[in-house]
Amino acid sequence: MPTSLARSTPWTVAGATLQSRLLLGTARYPSPQVLSDAVQASGTQVLTVGLRRLQPEHGGGNSFWQRVRDTGCRVLPNTAGCHSAREAITLAQMAREMFDTPWIKLEVVGDDHTLQPDPFGTVEAARTLVREGFAVFAYTTDDLVVAHKLRDAGCAAIMPWAAPIGSGRGLLSPHALATLRERLHDAVLIVDAGLGLPSHAAQVMEMGFDAVLLNTAVAQARDPVRMARAFAQAVAAGRLAFEATPMPAQHSAHASTPTLGMPFWHQH
């Protein structure tokens with residue numbers, strides 16, 4: 001069972017109230033059993049699944065889908081691998097039928113080398129899918145203008161990257177992410193992609209992001225189960241720190257113990 005630390009401070013997205021603020025991917029694990037164990041250790045309540053993962057030639061099929069169902073987690077299908085708005089919309093419609101959920105993680109690839117999202121195709125697809133009743137979780141970069149357009153399109157969540165997907169490099173532009181949180185204070189923001197260490201996750205949660213989604217950092221760790229637990233604790237700790245309101249940074253040293261007159265041993 002997940003620890004109480006990993007299940008603190010409920011939050012709401014797309015009409016669902018969740019305890020865990022860690023969303024987990026389901027690809028690249030050493031074995032199906034390790035995936036199941038990592039999911040349990042993470043305390044996650046949401047798993048993202050690519051439609052292609054269910055095809056036999058990709059190691060999926062009914063057995064994979066059944067294992068995902070057995071976790072008891074909500075499924076967030078994704079449109080990974082799509083290169084146009086039309087392709088993403090079609091795959092989202094297929095996913096809704098297959099998974100029986102209006103939730104969709106929208107991904108439209110704009111560059112095959114960096115896997116950077118296509119902002120134009122993403123916004124176009126988001127507008128169409130929202131009109132069709134989808135709860136869209138839009139994967140994007142940390143561009144503020146694109147995030148505004150996705151928010152205005154009615155996305156349930158905006159998911160900026162911290163770094164290119166699978167890179168594990170952490171926060172390449174903390175200022176851009178902080179600006180997103182400041183300017184889109186009323187939007188659900190989930191950092192997705194590029195996180196490699198639990199400390200990276202804690203850092204974005206300390207900024208006030210609602211959650212993080214990651215896959216490779218857990219799946220490709222030497223011990224995915226222990227890493228999943230580490231990320232769960234880091235996410236919960238980062239959120240708790242944000243809610244506690246950290247002390248402001250100072251430009252100079254300030255003694256933690258105030259000086260009040262002479263030391264007691266010098267008073268006589």
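Source: prediction; values computed, not measured.
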Q: Might you point out which heavy atoms bring Gly133 and Pro102 nearest each other, and give the distance in Å?
A: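 Between these two residues, the closest heavy atoms are O-CB, 3.7 Å.
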Q: Go through the steps for Phe120 and Val108 under the test side chain to side chain contact (heavy atoms under 4.5 Å, CB included), then give the verdict.
A: CA-CA 9 Å; Phe120 309 103; Val108 181; over 6 Å; no
Q: Where is the tightest heavy-atom contact between Glu206 and Ala241, given as atom of each residue plus distance?
A: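 So the minimum-distance heavy-atom pair works out to CG-CB, 4.0 Å.
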Q: Going from CZ on Arg169 to CG on Leu195, what distance comes out if it is rounded to the nearest 0.5 angstrom?
A: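 Answer rounded to 0.5 Å: 13.0 Å.
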Q: Could you check if a side-chain atom of Val49 sits within less than 4.5 angstrom of a side-chain atom of Leu76, using non-hydrogen atoms only?
A: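 They are not in contact (no side-chain heavy atoms under 4.5 Å apart), so the answer is no.
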Q: Is the backbone of Thr9 close enough, under 3.5 Å, to the side chain of Gln19 for a donor and an acceptor to pair up by distance?
A: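 Absent.
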Q: Determine, using the 4.5 Å side-chain heavy-atom cutoff (strictly less than), whether Ile158 and Tyr139 are members of one ILVMFWY cluster.
A: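 Not linked; separate clusters.
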Q: Nearest 0.5 Å please: distance from the CG atom of Leu189 over to the CE atom of Met207.
A: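 So the gap between those two atoms works out to 12.0 Å.
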Q: Within a strict 4.5 Å, meaning less than it, do heavy atoms of the Leu177 and Pro160 side chains meet?
A: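 A side-chain contact exists here, since the closest heavy-atom pair is under 4.5 Å.
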Q: Find the distance between SG (Cys155) and CG (Leu129) and round it off to the nearest 0.5 Å.
A: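 CG of Leu129 is found 8.5 Å from SG of Cys155.
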Q: Output yes when a side-chain donor or acceptor of His185 lies under 3.5 Å from a complementary backbone atom of Glu182, and no otherwise.
A: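 No: the side chain of His185 does not pair with the backbone of Glu182.
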Q: Can you give me the closest heavy-atom contact between Arg127 and Ala153, atom names plus distance?
A: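 Closest approach of Arg127 to Ala153: CG-CB, 3.8 Å.
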Q: Using the rule that Ile, Leu, Val, Met, Phe, Trp and Tyr join whenever any side-chain heavy atoms are under 4.5 Å apart, tell me whether Val46 and Trp11 fall into a single cluster.
A: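 In one cluster with Val46: Trp11, yes.
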Q: For Ala135 versus Ala14, what's the shortest heavy-atom pair and its separation?
A: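 What the structure gives for the nearest pair is CB-CB, 3.8 Å.
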Q: First locate atom CG of Leu180, then atom OG1 of Thr141, and finally report the distance between them rounded to the nearest 0.5 Å.
A: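 Answer for the CG-OG1 pair, Leu180 versus Thr141, is 8.5 Å.
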Q: Strictly distance-based, threshold 3.5 Å: is any side-chain N or O of Ser167 a donor or acceptor partner for the main-chain N or O of Ala163?
A: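 Judged by distance alone, no pair lies under 3.5 Å.
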Q: Apply the test side chain to side chain contact (heavy atoms under 4.5 Å, CB included) to residues Arg86 and Glu124: give CA-CA distance (whole Å), side-chain angles for both, the deciding distance (0.1 Å), then the verdict.
A: CA-CA 9 Å; Arg86 180 181 296 275; Glu124 177 186 348; over 6 Å; no
Q: Using a 6.0 Å cut-off, check whether atom CG of Asp70 has over 12 heavy atoms from anything other than its own residue.
A: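 Enclosed: over 12 neighbouring heavy atoms sit under 6.0 Å from CG of Asp70.
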Q: Examine Trp161 and Val212 and state if one hydrophobic cluster contains both, with Ile, Leu, Val, Met, Phe, Trp and Tyr joined whenever side-chain heavy atoms are less than 4.5 Å apart.
A: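 Cluster IDs for Trp161 and Val212 differ.
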Q: Any side-chain heavy atom of Leu18 sitting closer than 4.5 Å to one from Pro10?
A: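 SC-SC contact between Leu18 and Pro10 ruled out.
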Q: Any chance you could lay out the side chain to side chain contact (heavy atoms under 4.5 Å, CB included) test for Val109 and Gln116, step after step, and finish with the verdict?
A: CA-CA 6 Å; Val109 178; Gln116 181 169 328; over 6 Å; no
Q: Do you reckon Ile104 sits in the same ILVMFWY cluster as Ile89, going by side-chain contacts under 4.5 Å, direct or chained?
A: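 Per the 4.5 Å side-chain linkage, Ile104 and Ile89 are co-clustered.
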Q: Spell out, as yes or no, whether a donor-acceptor pair under 3.5 Å connects the side chain of Thr17 to the backbone of Thr12.
A: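 A pair under 3.5 Å: no.
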Q: Measure across Ala16 and Trp103 and return the closest heavy-atom pair with its distance rounded to 0.1 Å.
A: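 Taking every non-hydrogen atom into account, CB-CZ2, 3.7 Å.
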Q: Measure across Ala147 and Leu184 and return the closest heavy-atom pair with its distance rounded to 0.1 Å.
A: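 Closest heavy-atom pair between Ala147 and Leu184: CB-CD1, 3.5 Å.
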Q: Rounded to the nearest 0.5 Å, what separation is found between the OG1 atom of Thr48 and the CG atom of Leu24?
A: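 With rounding to 0.5 Å, OG1 (Thr48) is 9.5 Å from CG (Leu24).
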Q: Do the side-chain N and O atoms of Arg67 and Ser36 include a donor-acceptor pair separated by under 3.5 angstrom?
A: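 Yes.
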Q: Please confirm whether the backbone N or O of Ser20 pairs with a side-chain atom of Gln45, one donor and one acceptor, at under 3.5 Å?
A: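 Yes.
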Q: What is the distance from atom CD of Glu97 to atom CE of Met94, rounded to the nearest 0.5 Å?
A: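 Rounded to the nearest 0.5 Å, the CD-CE separation comes to 10.0 Å.
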Q: Could you tell me whether the side chain of Phe134 reaches within less than 4.5 Å of the side chain of Arg96, counting heavy atoms only?
A: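 Yes, at least one pair of side-chain atoms sits under 4.5 Å.
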Q: Salt bridge between Arg181 and Asp210, side-chain N to carboxylate O under 4.0 Å?
A: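 Looking at Asp210 together with Arg181, the answer is yes, because their closest N to O distance falls below 4.0 Å.
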Q: Donor-acceptor pair, distance only, cut-off 3.5 Å: does the side chain of Asp142 make one with the backbone of Ala162?
A: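 No, Asp142 side chain to Ala162 backbone: no donor-acceptor pair under 3.5 Å.
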Q: Any donor-acceptor pair under 3.5 Å linking the side chain of Thr79 with the backbone of Ala92?
A: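 A pair under 3.5 Å: no.
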Q: Does Leu91 belong to the same Ile/Leu/Val/Met/Phe/Trp/Tyr cluster as Val75, with side-chain heavy atoms less than 4.5 Å apart forming each link?
A: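 Same hydrophobic cluster.
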Q: I would like to know whether Val191 and Met159 meet side chain to side chain contact (heavy atoms under 4.5 Å, CB included); could you show each step before the answer?
A: CA-CA 5 Å; Val191 171; Met159 308 180 74; over 6 Å; no
Q: Just by distance, do the side chain of His83 and the backbone of Gly81 share a donor-acceptor pair under 3.5 Å?
A: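 Side chain of His83 to backbone of Gly81, a donor-acceptor pair under 3.5 Å: yes, one is there.
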